[in-house]
Participant: 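Handing you a structure now.
Labels below follow one simple rule: chain letters A, B, ... track the order of the sequence lines, proteins then strands, and each chain is numbered from 1. These figures come from a predicted structure and were not determined experimentally.
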Amino acid sequence: NAGVTQTPKFQVLKTGQSMTLQCAQDMNHNSMYWYRQDPGMGLRLIYYSASEGTTDKGEVPNGYNVSRLNKREFSLRLESAAPSQTSVYFCASSAQTVPMYGYTFGSGTRLTVV
Amino acid sequence: QQPVQSPQAVILREGEDAVINCSSSKALYSVHWYRQKHGEAPVFLMILLKGGEQKGHEKISASFNEKKQQSSLYLTASQLSYSGTYFCGTETMDDKIIFGKGTRLHILP
């Protein structure tokens, strides 16, 4: 099925460990996004990539890095995980920066940092 | 800044109507509405553009008042399937979509 695929679905990290969250879309979308969702806080934008080869900071970029590997893939890296990064992470994609047909979200990665 | 949604939570009986509001302190170019079921990803409902018309989707419609920098989502004759958390997302001049904290809607049979 066409859509946005995120891996892994669940992850437990120890404080200070690093990891990369993977995201791939097969809809030929230009723009991709990483959001985190915490209880009562809604969806907060971490980083986004308006098109292949570009990335930009969102609302809460500290502690994260991203790579737009190609048009399909957009990864999120935590270099030194902290308990404050415990969250559900969603990747999304859209045909344009302002999507007339909305964002398509992946199923999320639930990350716990202990 | 995040747009402000109100109310934070609503409990309705099946068949009742609801209105969810979204307001921003910044000038808006568009407003998006999404619904998220528990444990699932958000799903796009509709987009309202500056200067555009009121949009509709099944019994769910929305309006956009550019002057007041506000949007409202209207759920008419609610169904059990409408339960979930509703998010508005606002687009400002730097092309980013910023989401509100969400409104939890619970429909009772």
Participant: Do F87(B) and I46(A) land in one hydrophobic cluster if side-chain heavy atoms of ILVMFWY residues count as linked below 4.5 Å?
Facilitator: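 No, separate clusters.
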
Participant: Indicate the atoms forming the closest heavy-atom contact of F105(A) with A41(B), along with that distance.
Facilitator: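 For F105(A) and A41(B), the tightest heavy-atom pair comes out as CB-CB, 3.8 Å.
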
Participant: For the side chain of Q2(B) and the backbone of M41(A), is there at least one donor-acceptor N/O pair under 3.5 Å apart?
Facilitator: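 At least one qualifying donor-acceptor pair exists.
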
Participant: Does L69(A) CG have over 12 foreign heavy atoms under 6.0 Å away?
Facilitator: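 Yes, because the 6.0 Å sphere around CG of L69(A) holds more than 12 heavy atoms from other groups.
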
Participant: I'd like to know if L78(A) and V88(A) are part of one continuous hydrophobic network [Ile/Leu/Val/Met/Phe/Trp/Tyr, side-chain heavy atoms within less than 4.5 Å].
Facilitator: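 They do not share one cluster, since no chain of ILVMFWY contacts under 4.5 Å joins V88(A) to L78(A).
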
Participant: Which pair of non-hydrogen atoms, one from E40(B) and one from F90(A), has the smallest distance, and what is that distance?
Facilitator: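 Result for this residue pair: O-CZ, 3.9 Å.
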
Participant: Kindly compute the distance separating CD1 (I97(B)) from CG (L43(A)), expressed to the nearest 0.5 Å.
Facilitator: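 If we round to the nearest 0.5 Å, I97(B):CD1 and L43(A):CG are 12.0 Å apart.
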
Participant: Do Y48(A) and F99(B) belong to the same hydrophobic cluster, where Ile, Leu, Val, Met, Phe, Trp and Tyr are linked whenever their side-chain heavy atoms lie under 4.5 Å apart, directly or via other members?
Facilitator: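 Same cluster.
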
Participant: Decide whether L105(B) and W33(B) are clustered together by the hydrophobic rule: side chain heavy atoms of Ile, Leu, Val, Met, Phe, Trp, Tyr closer than 4.5 Å, transitively.
Facilitator: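 Yes, because L105(B) and W33(B) connect within a single hydrophobic cluster, where side-chain heavy atoms sit under 4.5 Å apart.
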
Participant: Strictly distance-based, threshold 3.5 Å: is any side-chain N or O of Y34(B) a donor or acceptor partner for the main-chain N or O of Y103(A)?
Facilitator: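 Indeed, once roles are kept as given, a pair shorter than 3.5 Å links the two residues.
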
Participant: Does any heavy atom of chain A fall under 4.5 Å from the side chain of Q1(B), the backbone, both, or neither of them?
Facilitator: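 Answer is neither: Q1(B) stays 4.5 Å or more from chain A.
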
Participant: If I compare all heavy atoms of F44(B) with all of G102(A), which pair ends up nearest, and what's the gap?
Facilitator: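 In this case the closest contact between F44(B) and G102(A) is CD1-CA, 3.3 Å.
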
Participant: So what's closer than 4.5 Å to chain B heavy atoms on L45(A): side chain, backbone, both or neither?
Facilitator: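 Answer is side chain: those atoms of L45(A) sit under 4.5 Å from chain B.
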
Participant: Heavy-atom count around K37(B) NZ within 6.0 Å, excluding the residue itself: above 12?
Facilitator: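 Atom NZ in K37(B) is packed in, count exceeds 12.
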
Participant: Can you confirm whether R72(A) is buried at CZ, in the sense that more than 12 heavy atoms of other residues, nucleotides or ligands lie under 6.0 Å from that atom?
Facilitator: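 Yes.
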
Participant: Is chain B contacted by the side chain of R44(A), its backbone, both, or neither, given a heavy-atom distance below 4.5 Å?
Facilitator: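 Contact with chain B involves the side chain of R44(A) alone.
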
